[in-house]
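Here is the structure we will look at.
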Amino acid sequence: MSEQETTAPSNFIRQIIDADLKAGKNAGRVHTRFPPEPNGYLHIGHAKSICLNFGIARDYAGGKCNLRFDDTNPHKENVEYVESIQQDVQWLGFDWEERLFYASNYFERLYEFALELIRDGKAYVCDLDAEQTREYRGTLTEPGRESPYRNRSVEENLELLQRMRAGEFEDGAKVLRAKIDMAAPNMNMRDPTLYRIRHGVIHHQTGSEWCLYPMYDFTHPISDAIEGITHSICTLEFEDHRPLYDWVLDNISIDCHPQQIEFSRLNLQYTVMSKRKLTQLVDEGLVNGWDDPRMPTIAGLRRRGYTPGSIRTFSDRIGVTKADNSVEMGMLEACIREDLDKNAPRAMAVLNPLKLVLENFPEGQVEELQALNHPKDESMGSRTLKFTREIYIDRADFREEANKKYKRMITGGEVRLRNSYVIKCERVIKDDSGEIIELRCSYDPDTLGANPVGRKVRGVIHWVSATEGVKAEVRLYDRLFSHPTPDADKEVESFIDHLNPDSLSTAAECVVEPSIATAEPGSQFQFEREGYFCVDSRESSQERLVFNRTVSLRDSWAKIEGKGK
RNA sequence: UGGGGCGUCGCCAAGCGGUAAGGCACAGGGUUUUGAUCCCUGCAUACCCAGGUUCGAAUCCUGGCGCCCCAGCCA
C-alpha cells in the first residue's frame with residue numbers, strides 16, 4: 001500500500017494471533033471478518049476496525065478477511081447502506097475477494113440450529129411480552145425469575161417454533177429463548193432471546209421470506225463458525241457477550257469455534273461516533289447528508305479530501321488496545337497533511353481578494369511564468385502562470401502598517417509575489433467609508449528568479465491574475481462540535497446543543513489560477529500558504545467551481561499573533 | 001452489597017521482573033521565493049494510590065481509589 005505506512009503495526013491482538021500460530025492452532029489459518037450492520041454509513045471508527053481486520057489478513061501468510069453484513073434487523077437496514085459500505089471498504093483499499101456474505105445467507109441453517117437447541121432442551125418458546133420479560137429478568141443486583149413457559153416440552157417448543165416461522169403469531173406474541181440461567185450475574189446469560197417475530201418488513205436480501213428474525217447473539221457466533229473465522233474481533237461492549245458467544249457454539253453441532261477478542265472503540269474529539277447520533281444529524285438536516293464534509297463518516301472524509309492512505313496511517317498510529325481513549329483531531333490532521341504535502345500539486349488561490357495594480361506593468365500584457373507543481377518533486381512537473389497588470393492578493397496579506405514581525409505587504413514596503421517578481425506598495429486607495437479597495441504598486445523587473453541586490457525581501461505572498469484568474473467558491477470547514485466530547489457532557493440536554501455554528505463558512509468570491517479551472521472532481525491541491533483543497537465531487541461544475549478545504553496548513557504565524565493579544 | 005473491563009507525558013501508545021520506545025501536540029534553533037515542508041534540540045528520577053515480595057517492580061502479590069460497559073423482542 002502507501003509508502004507512508006512504514007512501521008508494521010503491532011498490538012495485543014496480533015500478539016494473540018502470533019501465539020496461536022506458534023501453538024499450532026487453527027491449522028495455521030488466520031481468518032477475520034468485518035461484520036457491519038447495514039443501518040448507516042461507515043465512520044472513522046469503522047475504519048479502525050476495517051484496517052485492523054483486513055490489515056491482519058494482509059499481513060499474515062494466507063490470511064483472509066470476509067465482509068459480512070450482519071443483517072438480522074430488517075427494520076433499520078437498507079440497500080443504500082449495503083452499497084455505501086462496500087464502496088467505503090473498497091475505497092479504503094481493502095479487498096474481500098469472493099467473500100462477500102450476509103448473515104441472512106445463513107437464516108435456514110440458523111433455524112436448524114435453533115431446532116437442535118430445542119431438541120436438546122436448551123431453548124424454549126416464551127409467551128412473555130417485552131415488558132414482562134424485563135420484569136422477569138431481574139436487575140443488576142437481583143437475580144431474575146424463570147419464565148412460566150420455560151419448561152414446555154420439546155415437542156411443544158418444536159411445534160411452536162414451526163408455527164412462529166409459518167406466521168401464525170403476531171409480532172411480540174412469542175420469542176425463542178435460550179435456556180441458560182436466570183440467576184446468572186451476567187445479564188446476557190439470563191435466558192437471552194434468540195428469535196423474534198417481525199411481520200411485514202421487506203428484508204433487503206430475503207424479501208418477505210421470513211417473519212422470524214434471529215438475534216445478534218445467536219447469529220454472530222454461528223456465522224463466524226460457518227465461515228471458518230479464526231479470530232472474531234469486536235469492540236469492548238461485547239465483552240459481556242463472549243460467554244454467550246461461547247455458549248451458543250458449545251451447544252450446537254458445529255466443528256468450528258472462533259475466538260472472540262475485544263478492543264476499545266475509537267473516540268475522536270469534537271465529533272460523535274455513534275451511528276444513532278450520526279443518523280440523527282442527517283435526519284434532522286443538521287448536516288447535508290452522510291457525506292457532508294464535516295461528518296466523521298468515510299464518505300464525508302472522502303468528500304472533504306482525506307485520502308485512503310491517510311486514514312490507514314491514522315488507524316496504524318492510534319493503535320489497538322482495550323483502554324478508553326479520546327484521540328485529538330490533530331492526530332488525524334497530521335496524517336492527511338503528511339500525505340498531501342507529499343502528493344498534492346501546488347496552486348495559488350486568493351480566498352479574500354484585494355485588487356492590486358502594477359502601475360509600471362503594461363496594460364493588456366500577459367506574461368507567462370513557469371512554476372513548479374511541487375517545490376521538492378520535479379517529477380510533478382510545472383505549469384504556466386499568467387502575470388498581468390492587475391492581480392489579486394489576499395486581504396490578510398496587506399496592512400497599512402505593521403511591526404517587523406509582519407512579513408507581508410505594508411504601505412511603502414516590498415514583498416515577493418510567489419513564483420514571480422518583487423513588488424512595492426506605492427499607494428493605498430480607499431472608498432468613502434475608508435475601506436481599502438485597491439493597492440497601487442510597482443514591480444521590479446530584475447527580480448524574476450533572482451533576489452534584488454542590496455536589500456532583503458522577507459515576505460512572500462501568493463496572487464492570482466485579476467484578468468486571467470477564475471472565480472470559485474471555497475468552503476472552509478471547522479470542527480462539527482465546539483465541545484471535545486459532545487455526547488459526554490451531562491450539563492446539556494443533547495449533544496446537538498454543542499454543534500459548532502461556525503463549522504461551515506463559505507468564501508464565495510475566490511479567484512483561482514486558470515491552470516486548475518478544469519480540474520476533475522475530487523482532485524486535490526495545496527493552495528500555497530492556505531491549505532489543502534479538493535474539487536467538490538458533488539457540487540462543483542465547469543460553470544461554478546467549488547472547492548473544499550480539507551485542512552489548513554500549519555500556521556505558526558497565527559500562534560505568534562495570537563500570543564500578542 | 002451484581003458482573004465484565006480499563007488506569008504509563010496534554011492526546012495516542014510501547015513496555016510482558018533488569019532500571020520508561022515512538023507518534024501527535026508543545027517549546028527553542030537552522031534551511032527556505034509557501035510564516036508550509038524539511039532538519040536539529042528539548043519535553044515522564046517516573047508508570048492511579050498505599051503496602052508487600054525481590055539484589056532489582058510500570059511489570060508479581062494484597063488492599064484501596066477512579067473511569068467505562070451491561071437490566072433491547074438493537075447490533
Side-chain angles (χ1 to χ4, degrees), chain A residues 7 10-11 15 35-37 39 70 72-73 75-76 126 128-130 133-135 137-144 171-177 184-190 192-198 213 215-217 219-220 234-243 262 264 266 269 275-276 316-335 337-338 341-342 346 348 371 374-376 405-408 415-422 447 449-451 457-462 484 526-531 552-561:
Chain A
T7 49
S10 171
N11 55 58
Q15 289 178 356
E37 182 189 14
N39 66 344
D70 221 328
T72 57
N73 186 3
H75 221 81
K76 294 182 174 175
C126 181
L128 257 27
D129 64 30
T133 303
R134 196 183 322 124
E135 287 163 9
R137 185 157 33 229
T139 69
L140 294 176
T141 50
E142 304 156 25
D171 287 14
K174 289 179 170 26
V175 295
L176 181 73
R177 294 227 252 164
N186 181 343
M187 301 291 284
N188 296 117
M189 301 300 270
R190 321 245 261 227
T193 301
L194 267 22
Y195 272 94
R196 75 285 215 187
I197 299 169
R198 287 285 177 276
Y213 288 96
M215 300 284 288
Y216 167 86
D217 284 312
T219 309
H220 207 83
C234 62
T235 43
L236 241 37
E237 67 271 24
F238 292 101
E239 205 151 22
D240 285 346
H241 294 243
R242 192 170 62 224
E262 311 84 10
S264 56
L266 167 67
Q269 292 181 359
K275 270 202 244 178
R276 205 211 99 233
D316 289 344
R317 286 190 188 168
I318 58 176
V320 178
T321 68
K322 297 185 72 155
D324 289 337
N325 59 77
S326 181
V327 178
E328 293 173 346
M329 271 292 178
M331 187 79 91
L332 220 206
E333 292 174 347
C335 294
R337 285 195 183 107
E338 197 172 299
D341 172 59
K342 191 167 185 216
R346 262 103 252 228
M348 290 194 285
H374 192 110
K376 32 185 179 179
K405 286 200 165 181
Y406 187 80
K407 300 197 296 185
R408 310 178 191 182
V415 75
R416 159 79 63 183
L417 289 178
R418 176 71 167 150
N419 294 123
S420 178
Y421 300 92
V422 170
T447 55
N451 285 127
V457 177
R458 297 250 318 142
V460 180
I461 64 175
H462 57 97
Q526 183 199 96
F527 289 168
E528 292 197 74
R529 302 209 314 128
E530 289 288 353
S552 66
L553 250 29
R554 279 177 65 215
D555 187 358
S556 55
W557 168 243
K559 275 176 205 161
I560 294 166
E561 243 201 338

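Just so you know, these numbers come straight off a predicted model, no measurement behind them. In what follows, chains carry the letters A, B, and so on, assigned in the order in which the sequence lines appear, proteins first and then strands, with residues in each chain numbered from 1.
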Return the nearest nucleotide to the side chain of Lys322(A); candidates are A75(B), G72(B), C6(B). C6(B)

Donor-acceptor pair present, Asp240(A) side chain and G3(B) base, under 3.5 Å: yes

Residue Arg134(A), side-chain atoms from C-beta onward, closest of G35(B), A71(B), C69(B): A71(B)

Looking at G7(B), C73(B), G35(B), which one has an atom nearest to any side-chain atom of Ile560(A)? G35(B)

Calculate the interatomic distance between Tyr213(A) atom OH and C73(B) atom P; express it in whole Å. 18 Å

Which of C12(B), U34(B), G2(B) is nearest the side chain of Gln526(A)? It is U34(B)

A75(B) base to His241(A) side chain: any donor-acceptor pair below 3.5 Å? yes

Point-to-point distance, once rounded to the nearest 0.5 Å, from CG of Leu266(A) to OG1 of Thr235(A): 11.5 Å

Please measure how far the C1' atom in C39(B) lies from the corresponding atom in G4(B), and state the result in whole Å. 49 Å

5'-most contact on RNA chain B (nearest-nucleotide basis), Asp555(A) vs Ser264(A), goes to Ser264(A)

To the nearest Å, how far apart are Lys76(A) NZ and A75(B) C1'? 7 Å

If you measure from the C1' atom in C70(B) to the same atom in C74(B), how many Å do you get, rounded? 14 Å

Taking atom C1' in both A21(B) and C69(B), compute the distance separating them and give it to the nearest angstrom. 31 Å

Assign G5(B) to syn or anti; the rule is syn for a glycosidic angle within 90° of 0 and anti otherwise. anti

Should the pair His241(A) and Tyr216(A) be assigned to parallel (<30°), tilted (30 to 60°) or perpendicular (>60°) ring geometry? perpendicular

What's the closest nucleotide to the Arg554(A) side chain, out of U34(B), C26(B), G5(B)? C26(B)

Answer yes when Arg418(A) and Glu528(A) have at least one side-chain N-carboxylate O distance shorter than 4.0 Å, and no when they do not. yes

From C-beta outward on Met215(A), which listed nucleotide comes closest to its side chain: C26(B), C74(B), G35(B)? C74(B)

Nearest-Å distance once atom P is located in both U41(B) and A46(B): 25 Å

Closest to the side chain of Asn188(A), out of G35(B), C70(B), G4(B), is C70(B)

How many angstroms lie between OG1 in Thr133(A) and CZ in Arg190(A), if you round to the nearest 0.5 Å? 13.5 Å

Under the 3.5 Å rule, do the base of G10(B) and the side chain of Glu328(A) count as making a donor-acceptor pair? yes

Separation of the C1' atoms in C47(B) and A57(B), to the nearest angstrom: 11 Å

Interatomic distance at C1', G35(B) relative to G29(B), whole Å: 16 Å

Can Tyr216(A) be classed as stacking with the base of A75(B), given a centroid separation cut-off of 5.5 Å and a plane angle cut-off of 30°? no

Please give the distance between the C1' atoms of A20(B) and G63(B) as a whole number of Å. 26 Å

I want to verify a distance call: between A27(B), C12(B), G7(B), whose nearest atom is closest to the Met331(A) side chain? C12(B)

Measure from the side-chain heavy atoms of Lys376(A) and tell me the nearest of U37(B), G72(B), C74(B). U37(B)

State plainly whether the residues Glu37(A) and Lys275(A) are in salt-bridge range, i.e. N to O under 4.0 Å. no

On RNA chain B, more 5' by nearest nucleotide between Ile318(A) and Arg529(A) is Ile318(A)

Run the salt-bridge test on Arg242(A) and Asp217(A) with the 4.0 Å N-O cut-off and return the result as yes or no. no

Can you tell which of A75(B), C24(B), G5(B) lies closest to the side chain of Arg317(A)? C24(B)

With rounding to whole Å, what would you report as the distance between C16(B) and A71(B) at their P atoms? 37 Å

